[in-house]
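Below is one structure, written out as structure tokens; comments come after it.
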Amino acid sequence: MTQFRFDVEDELFPKENVERLEWAFSDVVEADCPLCFEFVFVDEDEIRRLNRETRGIDKVTDVLSYPSLDGIKGKALLAKDYPLELDEDGALFIGSVAVCHARAKEQAEEYGHSLNRELHYLLTHGVLHCLGYDHMSDEDKSEMREREEYVLKKLGIER
């Protein structure tokens, strides 16, 4: 079981949710060191700015991912392969995920499910992007959706 650490300094996603999501991801990827992620909740202006500056798309979006490592999808993440990327505790930083809380709330209402479900989905989606998953092709999209559903099902969160 891989140890995940999600750094969230926001009351929008309580500590018990963080701990359950860390647990739900524990068997998604193999690693011999803790894997760290940063979660940030931002407003519409900030997500639009980030989207414009990092992707060249000048519009509000729901979630953005910023992976720190390339080419890691499906690979075992071993500390020996990333000696310069390990922090002082021996943890490997994988990336940051920014979620627009207002957009998440809108989407929850639009899709007819809870904000809790939408936040879990968006964070799961963002983490998978940081782990190298994508949805550019139908095959990639299917693989990513399967991983998303696996994590959410472990949490008891289904459509």
Side-chain angles (χ1 to χ4, degrees), residues 1-57 60-104 115-136 140-141 143-155 157:
M1 302 281 275
T2 299
Q3 182 183 5
F4 278 73
R5 293 184 192 161
F6 298 135
D7 181 25
V8 185
E9 294 183 11
D10 201 305
E11 295 174 5
L12 296 173
F13 202 69
K15 183 178 180 183
E16 55 270 12
N17 285 358
V18 172
E19 291 170 352
R20 286 190 36 78
L21 193 58
E22 289 170 341
W23 165 80
F25 266 96
S26 65
D27 61 353
V28 170
V29 63
E30 182 184 337
D32 67 354
C33 58
L35 304 180
C36 295
F37 297 78
E38 173 189 43
F39 292 164
V40 180
F41 293 92
V42 298
D43 64 20
E44 291 168 305
D45 290 338
E46 180 65 5
I47 201 90
R48 183 176 185 166
R49 182 190 67 77
L50 290 169
N51 203 17
R52 180 179 60 249
E53 291 179 7
T54 62
R55 299 180 62 225
I57 300 172
V60 173
T61 190
D62 52 4
V63 61
L64 292 170
S65 300
Y66 298 97
S68 64
L69 302 172
D70 291 324
I72 63 172
K73 180 181 135 188
K75 295 182 179 176
L77 300 175
L78 307 175
K80 69 176 182 61
D81 296 332
Y82 302 96
L84 301 177
E85 289 85 0
L86 298 175
D87 69 15
E88 62 277 357
D89 298 322
L92 182 60
F93 183 71
I94 303 298
S96 298
V97 178
V99 172
C100 178
H101 188 265
R103 188 69 189 115
L115 176 59
N116 183 58
R117 191 248 184 249
E118 188 66 15
L119 290 174
H120 276 85
Y121 169 75
L122 293 174
L123 290 169
T124 297
H125 186 83
V127 167
L128 288 171
H129 272 306
C130 288
L131 290 170
Y133 291 86
D134 212 330
H135 43 83
M136 298 305 277
D140 289 343
K141 183 177 181 177
E143 181 180 32
M144 188 165 185
R145 294 292 179 255
E146 185 179 299
R147 296 280 179 173
E148 290 167 349
E149 293 299 326
Y150 175 78
V151 170
L152 294 173
K153 188 172 182 174
K154 277 183 76 174
L155 294 167
I157 299 173

ask   = Would you say V8 and L123 make side-chain contact, with heavy atoms under 4.5 Å?
value = no
request  = Please determine if K15 and E19 form a salt bridge, counting it only when a charged side-chain N lies under 4.0 Å from a carboxylate O.
outcome  = yes
task = To the nearest 0.5 angstrom, please state how far the CG atom of L64 sits from the CZ atom of R55.
result = 6.0 Å
message = Whether the side chain of D89 engages the backbone of A91 through a donor-acceptor N/O pair (distance < 3.5 Å, no angle test) should be reported.
response = no
inquiry  = As an exercise, state the distance from CD of E143 to NZ of K73, rounded to the nearest 0.5 Å.
reply    = 3.5 Å
ask   = To the nearest 0.5 Å, how far apart are CG in L119 and CZ in F13?
value = 6.5 Å
message = Show, in sequence, the C-alpha distance, side-chain angles and deciding distance for E148 and Y133, and conclude whether the side-chain contact (heavy atoms from CB on, under 4.5 Å) test is met.
response = CA-CA 10 Å; E148 290 167 349; Y133 291 86; over 6 Å; no
query = Under 4.5 Å between any side-chain heavy atoms of F39 and L21, yes or no?
reply = yes
ask   = Which pair of non-hydrogen atoms, one from V42 and one from V40, has the smallest distance, and what is that distance?
value = CG1-CG1, 3.7 Å
message = Would you say that more than 12 heavy atoms from the other residues, nucleotides or ligands in this model lie under 6.0 Å from the CG of D70, or not?
response = no
request  = Check S68 against G95 and note the closest heavy-atom contact, atom names and distance.
outcome  = OG-N, 3.9 Å
task = Please answer whether the main-chain N or O of A102 pairs with a side-chain N or O of D43 as donor and acceptor at a distance below 3.5 Å.
result = no
task = Could you pull out the closest heavy-atom pair between F6 and F37, with the gap in Å?
result = CE2-CD1, 3.3 Å
task = In sequence, state the C-alpha distance, the side-chain angles, and the governing distance for V28 and Y150, and then conclude on side-chain contact (heavy atoms from CB on, under 4.5 Å).
result = CA-CA 9 Å; V28 170; Y150 175 78; 4.3 Å; yes
inquiry  = side-chain contact (heavy atoms from CB on, under 4.5 Å) for K154 and S26? Distances and angles first, verdict last.
reply    = CA-CA 11 Å; K154 277 183 76 174; S26 65; 4.0 Å; yes
Pair K75 + D81: basic N to acidic O under 4.0 Å = no
task = Test side-chain contact (heavy atoms from CB on, under 4.5 Å) on V63 and H129 and set out the steps.
result = CA-CA 10 Å; V63 61; H129 272 306; 6.0 Å; no
Close side-chain approach of I47 to R103, heavy-atom, < 4.5 Å = no
query = Just how far is it from atom CD1 of I94 to atom CG of L35, taken to the nearest 0.5 Å?
reply = 4.5 Å
ask   = Taking C-beta and beyond as the side chain, do H101 and L115 meet within less than 4.5 Å on heavy atoms?
value = yes
query = Can you name the residues that form a side chain to side chain contact (heavy atoms under 4.5 Å, CB included) with K141, not counting sequence neighbours?
reply = H135, R145
key: CE (M1) with more than 12 external heavy atoms under 6.0 Å   = yes
query = Between G90 and C33, what is the shortest heavy-atom contact and its length?
reply = O-CB, 3.3 Å
ask   = Do P34 and E22 come close enough that some side-chain heavy atom pair is under 4.5 Å?
value = no
note = Which of N17, V18, D10 passes side-chain contact (heavy atoms from CB on, under 4.5 Å) with P14? Answer is N17
message = If I take atom CG from residue L155 and atom CZ from residue F25, how far apart are they, to the nearest 0.5 angstrom?
response = 8.5 Å
query = For A104 and E118, which heavy atoms make the closest approach, and how far apart are they?
reply = O-CG, 3.4 Å
inquiry  = Counting neighbours of CD on E16 that are heavy atoms of other residues, nucleotides or ligands and sit closer than 6.0 Å, is the number greater than 12?
reply    = yes
query = CG of L77 to CD1 of I72: how many Å apart, nearest 0.5 Å?
reply = 5.0 Å
message = Using every non-hydrogen atom in the two residues, find where C100 and E44 come nearest and quote the distance to one decimal.
response = SG-CG, 3.6 Å
request  = With T124 as reference, evaluate V97, L152, I157 under the side-chain contact (heavy atoms from CB on, under 4.5 Å) test and give the passing residue.
outcome  = L152
inquiry  = Parallel, tilted or perpendicular, judged at 30° and 60°: which one describes the rings of Y121 and H125?
reply    = tilted
task = Decide if atom CD of E46 counts as having more than 12 heavy atoms of other residues, nucleotides or ligands within a radius under 6.0 Å.
result = yes
inquiry  = With a sphere of 6.0 Å drawn around CD of E53, does it hold more than 12 non-hydrogen atoms of other residues, nucleotides or ligands?
reply    = yes
